[in-house]
There are 2 protein chains.
Amino acid sequence: MNIVFKALNDPTRRAILEMLQSKDMTAGEIADNFDISFPSISHHLDLLKQAKLVIAEKEGQFVYYSLNTTVVDEILKWLLQFKSKKK
Amino acid sequence: MNIVFKALNDPTRRAILEMLQSKDMTAGEIADNFDISFPSISHHLDLLKQAKLVIAEKEGQFVYYSLNTTVVDEILKWLLQFKSKKK
DNA sequence: GCGATATTTAGACATTTGTCTAAATATACA
DNA sequence: TGTATATTTAGACAAATGTCTAAATATCGC
């Protein structure tokens, strides 16, 4: 859980997740949307992957990234506790 | 939104939020639950306050902290976009 | 196999973060 | 007014973070 909050605590990484909603993208396509170096984006993608928020699949020389929202459920559940049963 | 994710990205601060679910607490009561110095807890509380996740109210020499979950809705909404409409 | 393209790894560096101790501020109460 | 209690502020410091450039790795197409 720690690592998921950590992964979400960065505007670039959140923007990547939002982008991946519309379609799966290669690392390069993702990087093209930011004024940040490729290696930095690669590092962000690695963090998102560690948090299991994205899945990486190699296709030839490309690496396709896609959303994995199962871990989002955990965070949702944690947050919802604060919205339940109150006087 | 940035600051909310930042506030949530720490186990101590998340534990504080969980504690405040059962009852409002003073800064001292909160600090007693951790092996961390009072000033450090005070700093965490300040961050939570900046993120508007808690509300601080002074009563005499005590400062009572209570949950403010309105900002949680924002995060919930942001997260829910990932769980909606998918093939 | 070679050169071009795609991506990651390595290492460096400035900034941010979480923690501490010491000091400051605020309130209670006798 | 003076001392005790509650909390925050200030300043220091090590560790974590986000970024970069340079180099390494992997795959494609000729």
Side-chain angles (χ1 to χ4, degrees), chain A residues 1-20 22-68 71 75 78, chain B residues 1-20 22-68 71 75 78:
Chain A
M1 186 121 125
N2 229 318
I3 198 171
V4 182
F5 278 112
K6 174 178 167 180
L8 293 176
N9 184 32
D10 181 272
T12 302
R13 289 194 290 269
R14 292 197 300 273
I16 290 173
L17 292 177
E18 288 174 0
M19 284 175 30
L20 289 176
S22 32
K23 65 175 194 304
D24 297 353
M25 299 171 80
T26 67
E29 284 175 329
I30 293 168
D32 286 340
N33 285 273
F34 298 94
D35 283 339
I36 294 176
S37 71
F38 271 59
S40 294
I41 295 293
S42 185
H43 174 238
H44 283 308
L45 289 170
D46 184 51
L47 267 171
L48 289 170
K49 199 165 52 180
Q50 281 179 48
K52 297 200 172 65
L53 283 163
V54 302
I55 292 168
E57 280 182 291
K58 185 147 202 172
E59 281 189 30
Q61 69 210 121
F62 298 95
V63 179
Y64 273 89
Y65 282 89
S66 58
L67 277 181
N68 176 29
V71 86
I75 305 299
W78 187 83
Chain B
M1 187 124 123
N2 227 316
I3 199 172
V4 182
F5 278 112
K6 174 178 166 179
L8 293 176
N9 184 31
D10 181 273
T12 302
R13 290 194 289 271
R14 291 198 299 273
I16 291 173
L17 292 177
E18 287 174 0
M19 286 175 27
L20 289 176
S22 33
K23 64 173 195 301
D24 296 352
M25 300 171 79
T26 68
E29 285 174 329
I30 293 168
D32 287 339
N33 287 273
F34 298 94
D35 283 338
I36 295 177
S37 70
F38 270 60
S40 293
I41 294 294
S42 184
H43 174 238
H44 283 309
L45 289 170
D46 185 50
L47 266 170
L48 289 170
K49 199 164 53 179
Q50 281 179 48
K52 295 201 172 64
L53 283 163
V54 302
I55 291 168
E57 279 182 291
K58 185 149 203 172
E59 281 189 30
Q61 68 209 121
F62 299 93
V63 178
Y64 274 89
Y65 283 87
S66 57
L67 278 182
N68 177 30
V71 85
I75 306 300
W78 188 82

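In what follows, chains carry the letters A, B, and so on, assigned in the order in which the sequence lines appear, proteins first and then strands, with residues in each chain numbered from 1. All values below come from the heavy atoms of this structure, side chains included, with hydrogens, waters and symmetry mates left out.
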- prompt: For D:dT19, does either OP1 or OP2 sit under 4.0 Å from a side-chain N or O belonging to A:H44?
  reply: yes

task: Among C:dG18, D:dT19, C:dT7, find the nucleotide with the atom closest to the side chain of A:S40.
output: D:dT19

task: Considering just the side-chain nitrogens and oxygens of B:S37, establish if one lies under 4.0 Å of OP1 or OP2 belonging to C:dC20.
output: yes

- request: Check step by step if side chain to side chain contact (heavy atoms under 4.5 Å, CB included) holds for A:T12 and A:I41.
  value: CA-CA 8 Å; A:T12 302; A:I41 295 293; 4.2 Å; yes

query: With sugar-phosphate meaning primed atoms plus P, OP1 and OP2, does A:D46 contact a base, only sugar-phosphate, or nothing at under 4.0 Å between heavy atoms?
result: nothing

Listed nucleotide nearest any side-chain atom of B:P39, set C:dT7, C:dT19, C:dT21: C:dT21

query: Does B:R14 use its side chain to pair, donor to acceptor, with the backbone of B:L8 at less than 3.5 Å?
result: yes

statement: Winner on side-chain proximity to A:A27, out of C:dT7, C:dC20, D:dT27, is C:dT7

Out of C:dG18, D:dC20, C:dT7, whichever nucleotide has its closest atom nearest the side chain of A:T26: C:dT7

query: When you check the phosphate oxygens OP1 and OP2 of D:dT8, does a side-chain N or O of B:S42 lie under 4.0 Å from one of them?
result: yes

statement: Looking only at heavy atoms, the pair that brings A:N9 and A:R13 closest together is O-NH2, 3.9 Å

message: On DNA chain D, does the nearest nucleotide to A:L47 precede the nearest nucleotide to A:F62 from the 5' side, or the other way round? Give the residue.
response: A:L47

message: Counting only side-chain nitrogens and oxygens, does B:Y64 get under 4.0 Å of the OP1 or OP2 atom of D:dA6?
response: no

- request: Could you tell me the separation between the CD1 atom of A:I30 and the CG atom of A:L45, rounded to the nearest 0.5 Å?
  value: 4.5 Å

- line: note: A:N9, atom CG; C:dT15, atom C1'; distance rounded to Å ~ 14 Å

query: Can a side chain N or O of A:K58 be found less than 4.0 Å away from OP1 or OP2 on D:dA26?
result: no

message: I need the CD-P distance between B:E29 and D:dA6, as an integer number of Å.
response: 10 Å

query: Of the nucleotides C:dT19, D:dT5, D:dT19, which one has an atom closest to the side chain of A:T12?
result: D:dT19

- request: Looking at every strand, decide which applies to B:L45 at a 4.0 Å heavy-atom threshold: base, sugar-phosphate, or nothing.
  value: nothing

- prompt: Within the distance-only criterion (no hydrogens, no angle test), does the side chain of A:N68 pair as donor or acceptor with the backbone N or O of A:K52 below 3.5 angstrom?
  reply: yes

Length of the line joining B:I36:CD1 and D:dT8:P, which is rounded to integer Å: 15 Å

query: What's the closest nucleotide to the B:Y65 side chain, out of C:dG18, D:dT8, D:dT19?
result: D:dT8

message: Using whole Å, what does the distance between atom C1' of nucleotide C:dT16 and atom CD1 of B:I3 come to?
response: 13 Å

